[in-house]
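Each chain gets a letter, A, B and so on, in the order the sequences are listed, and its residues count up from 1. Just so we're clear, the structure is a prediction, and the values are computed from it rather than from any experiment. We use all heavy atoms of the structure for the numbers below, so side chains are in, but hydrogens, waters and symmetry mates are not.
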Number of protein chains: 2
Amino acid sequence: MSISSRFAVGIHILALIDLNKETASSSEFIAGSVNTNAAVIRKIMGMLKKAGLIEVQPGVAGAKLTRELSEITLFDIYKAVNVVEENELFSIHDKPHPDCVVGKNIQSTIEPIFMAAQSAMEKVFQNLTLEDIVKDIEAKEHIK
Amino acid sequence: MSISSRFAVGIHILALIDLNKETASSSEFIAGSVNTNAAVIRKIMGMLKKAGLIEVQPGVAGAKLTRELSEITLFDIYKAVNVVEENELFSIHDKPHPDCVVGKNIQSTIEPIFMAAQSAMEKVFQNLTLEDIVKDIEAKEHIK
DNA sequence: AAACATGTAATCAATTCAGTTACAAGAACA
DNA sequence: TGTTCTTGTAACTGAATTGATTACATGTTT
């Protein structure tokens with residue numbers, strides 16, 4: 001099991017749009033940097049657009065961020081690319097036997113725990129923005 | 001995407017073994033409570049056995065916990081049933097283009113963040129034991 | 001009109017999951 | 001002993017998801 005790389009690719013796309021903002025980043029260009037097919041990029045960019053993170057126009061190359069880097073959290077991207085449904089990171093077997101002490105109660109016992117675990121994970125992304133990503137990339141460049 | 005229900009089933013199995021400890025819990029019996037096939041239960045019990053959480057003997061019905069309830073964390077179960085590999089909850093696209101500022105650095109920038117998110121999630125399970133689960137189930141029974 | 005862009009649908013191979021069947025091998029007991 | 005019940009495992013299935021790919025309609029620019 002592994003969470004789709006759409007999330008990582010989404011971050012990559014947005015960071016690239018920003019760092020390359022003097023020239024328009026076509027889906028073909030981004031695909032080259034990510035190392036995948038342009039259609040894959042366009043599909044993910046469609047999700048980012050739908051979430052209101054970027055502006056793209058059909059037929060015209062390049063996309064623009066709709067907000068400041070510091071106003072886009074990793075959680076925004078995470079939600080945009082739809083890698084994990086709300087409260088469904090962990091799946092629970094359904095219809096456990098209702099006549100059994102454990103079967104009767106296990107779901108309501110486990111559910112809040114799974115939700116807490118998912119929330120703890122998502123909180124990490126809520127506390128980080130694209131600005132952190134871009135600054136980290138820039139810092140690495142300056143060292144070299 | 002969703003993490004395998006093996007985790008939830010593993011918790012169910014162990015709680016049931018404990019709450020039903022006067023009588024032996026065969027895989028058939030447990031399967032009835034979980035509402036699945038006995039072979040599925042035996043496969044998961046094999047994982048729990050391999051992780052040293054239970055003792056089972058081929059041919060003889062019933063399994064026993066090897067430790068106190070309070071000594072078995074949900075994280076132990078999580079690891080036992082192998083639902084998420086170490087540091088691989090999130091996947092990152094590989095071979096991003098090395099000549100691109102973003103492509104060159106994105107992996108090393110994102111990796112520690114993904115690891116931190118996974119750790120935050122796992123920590124929730126490290127801080128809970130089977131005792132918490134069993135007590136919660138018992139409490140629900142007493143209210144009714 | 002030609003060239004280039006995005007949007008989107010369809011298809012494909014690979015992987016994973018859970019369920020199912022089947023059967024070998026161990027254990028218990030009449 | 002031999003019947004019966006158990007665990008341990010392998011093999012197979014259908015469903016779902018992922019990422020890649022191809023194709024093409026549509027929009028934009030010159």
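- Between M47(B) atom CE and dT7(D) atom C1' there is a gap of 16 Å when expressed in whole angstrom units.
- Between the CD1 atom of I54(B) and the P atom of dT7(D) there is a distance of 10 Å, rounded to whole Å.
- Nucleotide dA22(C) holds its C1' atom 11 Å from the CG atom of N37(B), rounded to whole Å.
- Remark: C1' of dT9(D) and CD1 of I41(B) are 16 Å apart, rounded to the nearest angstrom.
- Heavy atoms from other residues, nucleotides or ligands lying under 6.0 Å from CE of M47(A) number more than 12.
- Contacts of S2(B) with the nucleic acid, taken as non-hydrogen atoms under 4.0 Å apart, are absent.
- I30(B) places its CD1 atom 12 Å from the C1' atom of dT7(D), with the value rounded to the nearest Å.
- Here the closest heavy-atom approach between residue S91(A) and residue F114(A) is recorded as O-CE2, 4.2 Å.
- Centroid-to-centroid, the aromatic rings of F90(B) and F125(A) come within less than 6.0 Å.
- No side-chain donor from either of S108(B) and N105(B) sits under 3.5 Å from a side-chain acceptor of the other.
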- Query: Once each nucleotide of nucleotides 3-14 of chain C is scored for protein heavy atoms under 4.0 Å, what B/S/- sequence comes out, 5' to 3'?
  - Reply: --BBBB------

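- A straight line from CG of D94(B) to C1' of dT18(D) spans 14 Å, rounded to a whole angstrom.
- Rounded to whole Å, atom P of dT17(D) lies 18 Å from atom CZ of F90(B).
- A sub-4.0 Å separation between OP1 or OP2 of dT18(D) and a side-chain N or O of S4(A) is absent.
- Inspection of the Q126(B) and E122(B) side chains reveals no N or O donor paired with an N or O acceptor under 3.5 Å.
- For the residue pair S33(A)/H12(A), the side-chain donor-acceptor check at 3.5 Å is satisfied.
- With rounding to whole Å, I17(B) atom CD1 is found 15 Å from dT6(D) atom C1'.
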